Every structure is written in structure tokens, then in C-alpha cells.
Amino acid sequence: MQQGPDLPGLHSELGATPEEIVRAWEAHSNGAPAQWFWVVRREPGSGRYVHDLLQWGLIPNWVKDPGVWPKPINARCEGIQSKPAFRDAYRSRRCLVPIDLFFEWMRIRDEGGKPVKGPKQPYAIAVKNRLPYAVAGLWESWIDRASGRITRSFAIVTCEANALVGQIHDRMSVIIAPENFNRWLDNIEPDPFDLMVPYPPERMEIWPISTRVNNVANNDADIAAAV
DNA sequence: CCAGACGTTGTT
DNA sequence: GTCTGG
DNA sequence: CCAGACGTTGTT
DNA sequence: GTCTGG
């Protein structure tokens with residue numbers, strides 16, 4: 001769930017043009033891959049922090065045909081330094097994605113550990129104050145050789161779940177605390193690996209929500225209501 | 001050398 | 001079963 | 001992640 | 001673009 005571009009503790013300026021915003025932005029109560037989200041980056045030249053709209057699903061610049069490229073929405077932090085699809089962006093194109101919530105689906109298993117049939121139970125995951133928070137991202141530009149058009153895209157870094165999120169799922173998004181925003185965004189350090197760790201469970205909360213979240217057409221704020 | 005992969009989650 | 005679209 | 005499609009010839 | 005596998 002993303003309601004806007006703001007992050008507590010970080011002032012950023014608008015990078016997108018008004019036309020781009022009109023064309024691409026809508027509130028994401030139930031955000032999905034391939035949609036356009038506010039992403040905060042730092043301009044290397046000016047040092048300004050800017051927010052603009054990037055597409056969820058990473059397309060590295062060397063991809064020939066985005067139609068067949070898997071466009072990963074997540075990047076596992078394990079091995080992120082060396083994987084061809086992530087390493088360049090990790091070294092020099094890190095970003096923050098401002099969100100209020102993310103969702104995970106609990107795998108229901110029986111006593112023997114086998115998955116049970118039927119829909120999984122979705123959960124909302126937030127930090128305790130319910131303010132927007134920042135998850136770690138990587139971004140890339142892809143240039144269409146034919147048209148010259150540039151597509152900017154991003155993926156969200158994941159790590160092992162902490163004790164709280166681990167109750168429902170084995171992975172979670174990497175949350176960057178405000179005091180570490182600059183280290184992640186400035187792209188000076190080539191490998192800030194110590195930031196890609198599970199956020200402290202005592203600063204988070206999770207609650208079950210309706211399976212209405214399973215349909216992206218249900219894009220209202222009530223999607224995160226506890227059930 | 002060329003061809004083909006380059007990813008995740010979840011499941012086996 | 002597997003891929004695409006959101 | 002989940003939901004929904006998964007096809008052709010020919011016509012508008 | 002760059003690495004791995006054959």
C-alpha cells in the first residue's frame with residue numbers, strides 16, 4: 001500500500017513531470033507489479049533527493065526483449081552483490097520506496113508440513129506508528145532501441161523474515177530506518193550489506209485481512225482492514 | 001569459440 | 001501446468 | 001503476489 | 001553487458 005511519495009525524516013523534491021504524474025499515478029491501496037510507484041532517489045550530480053514514478057519489476061539496461069524478461073519484483077539480499085541482474089543497480093542505483101503497508105500471504109500447512117488447499121490467508125504488515133516507512137529498492141533505466149523511450153523500473157530487496165513476520169511467511173521486505181536513509185540512497189558505499197537485515201519485530205505489527213486483496217481491482221483503503 | 005542465461009516465491 | 005497482466 | 005487466460009480466421 | 005556451460 002502506497003498513499004504518496006513522502007517519508008518521515010527525508011525531504012525530497014518532485015522529479016516527475018506533471019504530465020507523467022497525471023498519466024501514471026493513482027493511490028495504491030492494493031499495489032501490484034507493473035504499476036507505477038513513487039520512488040525516492042538521490043541525484044548524483046546535484047545531490048538532491050527526488051521522488052518520481054518508476055515501474056515495479058526490474059528491467060536491466062542490457063535486456064533485449066522486456067516481453068520475455070521475467071521483470072523481478074523482488075531481489076534477494078543474499079548474493080545481490082554478484083547477481084548479473086542486480087549487482088550494478090545495487091552498487092550505484094539504490095532507492096527507497098515509501099509505503100504504509102505491504103502484504104504477505106500465509107502458507108497454511110498441515111501437521112506434516114504439506115500445503116493445504118484453498119486460498120492463503122493474507123496479512124498486512126506495518127511499522128507500529130502506522131506512518132509511511134521505507135523499503136530498500138534498486139532501480140534501472142531501460143532504453144527501447146527502436147523508439148528511444150526510457151523506462152525506469154525498480155525491485156524491492158528482501159531478507160529472511162524476523163520472528164514476527166516469520167509466523168506467516170519466510171521472507172520480508174528490507175525496511176530501512178530513517179537514520180540509514182542516506183547510507184542507502186547516497187550510493188557512495190558499494191556494499192552496505194549491514195542494512196539488509198530483518199527489521200526489529202518489536203517495532204512492527206501484522207494483522208490478517210480480507211482475501212479481497214487477492215483481486216487488484218479492489219483498490220480501496222479498506223483493503224487493509226483487520227478481519 | 002558461441003549460446004544461453006540473467007529472477008522470485010513456493011513447491012518438490 | 002504455465003504464462004501474462006495488474 | 002493472485003487472477004485469468006490458454007485460439008484462429010476473418011471482419012470491424 | 002557479462003558470465004557460465006558446453
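Lettering follows sequence order; numbering is per chain, from 1. Predicted model only: the values in this text are computed from it and were never measured.
- Among the heavy atoms of the strands lying under 4.0 Å from A:Arg87 are primed sugar atoms or P, OP1, OP2 only; no base atom is included.
- Contact between the side-chain N/O atoms of A:Lys120 and the OP1/OP2 oxygens of D:dC2 is found at a separation under 4.0 Å.
- The interatomic distance linking A:Ile168 (CD1) with B:dT9 (P) rounds to 14 Å, in whole Å.
- Residue A:Ala155 is classed as having no contact, given no heavy-atom separation below 4.0 Å to the nucleic acid.
- Counting only heavy atoms from C-beta on, A:Arg76 has its side chain closest to B:dT8 among D:dA3, B:dT8, D:dC1.
- When the side-chain nitrogen and oxygen atoms of A:Asn215 are compared with OP1 and OP2 of D:dA3, none of them lie within a distance under 4.0 Å.
- By the 6.0 Å and 45° rule, A:Arg152 does not stack over the aromatic ring of A:Phe154.
- C:dC3 and D:dG4 make up a base pair, with Watson-Crick or G-U wobble contacts both under 3.5 Å.
- Using a 4.0 Å heavy-atom cutoff across all strands shown, A:Lys83 reaches sugar-phosphate atoms only and no base atom.
- Under the 4.5 Å side-chain criterion, counting only non-hydrogen atoms from C-beta, A:Tyr49 is not in contact with A:Phe181.
- Using a 4.0 Å heavy-atom cutoff across all strands shown, A:Ala85 reaches sugar-phosphate atoms only and no base atom.
- Looking at heavy-atom distances under 4.0 Å, A:Phe103 makes no contact with the nucleic acid at all.
- Atom CD in A:Glu140 sits roughly 12 Å away from atom P in B:dG7 (whole-Å rounding).
- Comparing C:dG5 with D:dT8, their P atoms sit 16 Å apart, to the nearest whole Å.
- Across the C1' atoms, B:dC1 and D:dT9 are found 46 Å apart, a figure rounded to whole Å.
- Which of C:dG6, B:dT11, D:dC1 sits closest to the side chain of A:Val216 comes down to C:dG6.
- Distance noted for atom P between D:dG7 and C:dT4: 11 Å (whole Å).
- Backbone-only engagement by A:Asp170 is indicated by non-hydrogen atom pairs under 4.0 Å involving sugar-phosphate atoms exclusively.
- Of the candidate nucleotides B:dT8, D:dC1, B:dG7, B:dT8 has the atom nearest to the side chain of A:Asn74.
- One interatomic measurement links the two molecules: CE of A:Met1 to C1' of C:dG6, which rounds to 17 Å at whole-angstrom precision.
- Rounding to whole angstrom units, CD of residue A:Gln35 and P of C:dG5 are separated by 14 Å.
- Distance CZ (A:Arg93) to C1' (E:dG1): 12 Å, rounded to an integer number of Å.
- One interatomic measurement links the two molecules: CD1 of A:Ile143 to P of E:dG1, which rounds to 11 Å at whole-angstrom precision.
- If you measure from atom CG of A:Asn218 to atom P of C:dG6, you get 16 Å, rounded to the nearest angstrom.
- Not one side-chain nitrogen or oxygen of A:Thr211 sits closer than 4.0 Å to the OP1 or OP2 atom of D:dC2.
- Checked by atom type and distance alone, the side chain of A:Asn218 pairs as donor or acceptor with a backbone atom of A:Arg212 at under 3.5 Å.
- With a 6.0 Å radius and a threshold of 12 heavy atoms from other residues, nucleotides or ligands, A:Gln121 has its CD atom above the threshold.
- The phosphate of B:dT9 (OP1 or OP2) has a side-chain N or O of A:Arg171 nearer than 4.0 angstrom.
- Between the A:Trp207 side chain and the A:Ala224 main chain, a donor and an acceptor come within less than 3.5 Å of each other.
- Taking a centre distance below 5.5 Å and an interplanar angle below 30 degrees as the stacking criterion, A:Trp105 does not stack against the six-membered base ring of D:dC2.
- Taking atom P in both C:dG6 and B:dG4, the straight-line distance is 31 Å, to the nearest Å.
- Atom C1' of nucleotide B:dA5 and atom CG of A:Asp65 are separated by 14 Å, given to the nearest angstrom.
- Rounding to the nearest 0.5 Å places CZ of A:Arg42 at 8.5 Å from CG of A:Leu185.
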